[in-house]
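So the structure is just underneath, and the comments pick up after that.
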Amino acid sequence: MEPNTLYSVRMRASAGARHLSGAERIVPAVRVDETVNELVSRALEKGCRPDRLTVAVDALGPRPVWKLTSLDVVTLDVPDIPGSRLAASRILERAGVTGDAAKIAINLLANGPSASGGTMRGAMILDAVTGERLETDRERGVRASRFDWSDEASVKIISALSDAGLTHFRTREALALATKVSHAPGIVAELCWSDDPDYTAGYVSSPAMGYVRFPFLKQKGDKHGGRAFFVRHDGFQREVFIKYLQEEPVLVAYIGRCSRPTDPDEFLGRIR
Ligand code: WAQ
Ligand code: MG
């Protein structure tokens, strides 16, 4: 592994106790400056003004950086929310999540998964068999950190996603996150939809099936959303899993396939 001079740059904006936005990058030393500026501008662009904006810059040091290939992306053309949630549940079952665990996760995301019934900053960890919640902090959840697209892969994925009709930055960021998560020790699958009331799309992903999007996993105007990481029932090591998600640096350096919207039954037939 070549010695690296990479830095993790993380931004977080809040108003009072409320989290407004966050983003992070992994960049070489020479790009730290412009990246800090870019993330600060982004935090200030948002409609609501933060009263605290934190940027952390950390050298990654001598640890190796994992170079991963992004998950294959497909969008399933399901026009309604109940149909999308049902198809998402079927796909989770194919990935090794029980119907019960999938249902628990969908209900939690739909109703606000935090202990107080609001959204979480991070993700829930759910036993893929029982649906039991395993994260230590149910208010905050666990956050995946230290991942980014490499410069080259970033250019390529923007073009590949755009060819598949996908141009929103959220898709690109969620794909990098899901790619890192799909390599976590003990992961079975992930379910996500945004807590942004204007963003109705979400996805299920797994190492074998890739990143499967749904344009409508929730109603427009609904402020509930979140993430569930489903993990192996047998021999799951929570500390190892969390340490990987939070600390191991990952660059998504190669891109997977990005397909045009597909009929859900055809997709389910194909992955059988
Ligand atoms: N690690 C773990 N969980 C996170 C992280 C993280 N780094 N960031 C966000 N979350 C959780 C948290 O509970 C948020 O409330 C929830 O996920 C949603 O976060 O078009 O935009 O940033 O293919 O609002 C999915 C579909 C978009 C994208 C997801 O998520 C597409 C999105 P958001
Ligand atoms: Mg959000």
Side-chain angles (χ1 to χ4, degrees), residues 8 10-14 18-26 42-43 46-48 56 70-78 84 88 105 108-126 133 135-148 157-158 160-162 164-182 184 187 190-205 210-218 222-231 241-242 244-248 250 256 258-259 261:
S8 152
R10 289 177 290 163
M11 175 278 286
R12 186 180 171 205
S14 56
R18 204 159 61 88
H19 171 77
L20 295 179
S21 68
E24 70 168 83
R25 308 290 316 279
I26 292 177
R42 181 163 154 180
K46 283 244 174 174
C48 22
S70 61
L71 294 171
D72 290 349
V73 177
V74 64
T75 298
L76 299 190
D77 249 339
V78 187
S84 298
L108 282 164
L109 290 201
N111 295 310
S114 84
S116 53
T119 54
M120 297 163 79
R121 280 195 57 228
M124 304 185 277
I125 304 175
L126 262 61
R133 284 176 74 167
E135 74 274 16
T136 31
D137 182 345
R138 287 204 188 177
E139 201 52 46
R140 178 182 181 275
V142 57
R143 279 186 66 85
S145 183
R146 307 217 165 169
F147 61 88
D148 196 1
I157 198 68
I158 287 171
L161 287 173
S162 148
L166 303 169
T167 53
H168 204 289
F169 73 88
R170 282 181 185 277
T171 307
R172 200 160 69 237
E173 290 187 350
L175 178 58
L177 187 152
T179 298
K180 178 171 185 183
V181 169
S182 74
I187 191 74
E190 180 187 346
L191 167 69
C192 164
W193 68 80
S194 180
D195 56 358
D196 184 327
D198 290 328
Y199 203 81
T200 61
Y203 64 87
V204 294
S205 62
Y211 183 96
V212 184
R213 307 179 65 247
F214 293 90
F216 308 105
L217 270 179
K218 73 170 191 184
D222 182 349
K223 59 183 182 354
H224 291 306
R227 280 189 158 87
F229 299 154
F230 297 95
V231 297
F241 179 77
I242 293 178
Y244 167 84
L245 289 178
Q246 295 181 338
E247 292 175 26
E248 289 295 334
V250 162
C258 301
S259 311

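In listed order, ligands and their atoms are each counted from 1. Nothing here was measured: the structure is a model prediction, and the numbers come from that model. Below, all heavy atoms of this structure are taken into account, side chains as well, without hydrogens, waters or symmetry copies.
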In the protein, what heavy atom is nearest to [atom], and what distance, to one decimal place, separates them?
{"atom": "atom 29 (C) of ligand 1", "value": "C192 SG, 3.6 Å"}
{"atom": "atom 16 (C) of ligand 1", "value": "G226 CA, 3.5 Å"}
{"atom": "atom 24 (O) of ligand 1", "value": "S194 OG, 2.7 Å"}
{"atom": "atom 8 (N) of ligand 1", "value": "R143 NH1, 3.4 Å"}

Does the [X] side chain pair with the main chain of [Y], one donor and one acceptor, at a distance under 3.5 Å?
{"X": "K218", "Y": "L109", "result": "no"}
{"X": "S70", "Y": "G256", "result": "yes"}
{"X": "T200", "Y": "P215", "result": "yes"}
{"X": "R143", "Y": "R121", "result": "yes"}
{"X": "Y211", "Y": "A176", "result": "no"}
{"X": "T167", "Y": "S162", "result": "no"}
{"X": "K223", "Y": "G118", "result": "no"}

Considering only heavy atoms, does [X] approach ligand 1 within less than 4.0 Å through its side chain, its backbone, both, or neither?
{"X": "P113", "answer": "neither"}
{"X": "R213", "answer": "side chain"}
{"X": "L175", "answer": "neither"}

Salt bridge or not between E190 and R227? Use side-chain N to carboxylate O under 4.0 Å.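 Result for this pair is yes, salt bridge flagged.
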
Need the ligand 1 atom indices (1-based, order shown) with element for anything under 4.0 Å from a heavy-atom of L177.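 By the 4.0 Å cutoff, the relevant atoms are 1 (N), 5 (C), 6 (C), 7 (N).
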
At less than 4.0 angstrom from any non-hydrogen atom of A144, what atoms of ligand 1 do you find?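 Selected atoms, number and element: 1 (N), 2 (C), 6 (C), 7 (N).
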
Just distances here: any N/O of G122 and N/O of ligand 1 closer than 3.5 Å?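 Between G122 and ligand 1 (N or O atoms, distance only) the closest approach is under 3.5 Å.
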
Nitrogen or oxygen of D196 less than 3.5 angstrom from that of ligand 1: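 There is no such contact.
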
Would V142 count as a contact residue for ligand 1, given that I'm defining contact as a non-hydrogen atom of the residue lying under 4.0 Å from a ligand atom?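 Within the 4.0 Å threshold, so yes.
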
With a 4.0 Å cut-off on heavy atoms, is G141 touching ligand 1?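 G141 does not count as a contact of ligand 1 under the 4.0 Å cut-off.
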
Closest by any non-hydrogen atom to [atom]: pick that one out of [options].
{"atom": "atom 4 (C) of ligand 1", "options": "E24, H224, H19, R121", "answer": "R121"}
{"atom": "atom 32 (C) of ligand 1", "options": "R170, Q246, K180", "answer": "R170"}
{"atom": "atom 23 (O) of ligand 1", "options": "Y211, Y199, Y203", "answer": "Y211"}
{"atom": "atom 14 (C) of ligand 1", "options": "H168, R227, M120", "answer": "M120"}

Indicate if the distance from the Mg ion (ligand 2) to the nearest N, O or S atom of D195 falls below 2.8 Å.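 A backbone or side-chain N, O or S atom of D195 is under 2.8 Å from the Mg ion (ligand 2).
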
Side chains of I157 and C258 in contact at under 4.5 Å (non-hydrogen atoms):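 Yes, their side chains come closer than 4.5 Å.
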
What is the distance from atom CZ of F214 to atom SG of C192, rounded to the nearest 0.5 Å?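 The CZ atom of F214 sits 12.5 Å away from the SG atom of C192.
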
Could you check whether S8 and E24, counting side-chain N and O atoms only, form a donor-acceptor pair closer than 3.5 Å?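 There is no such pair between these side chains.
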
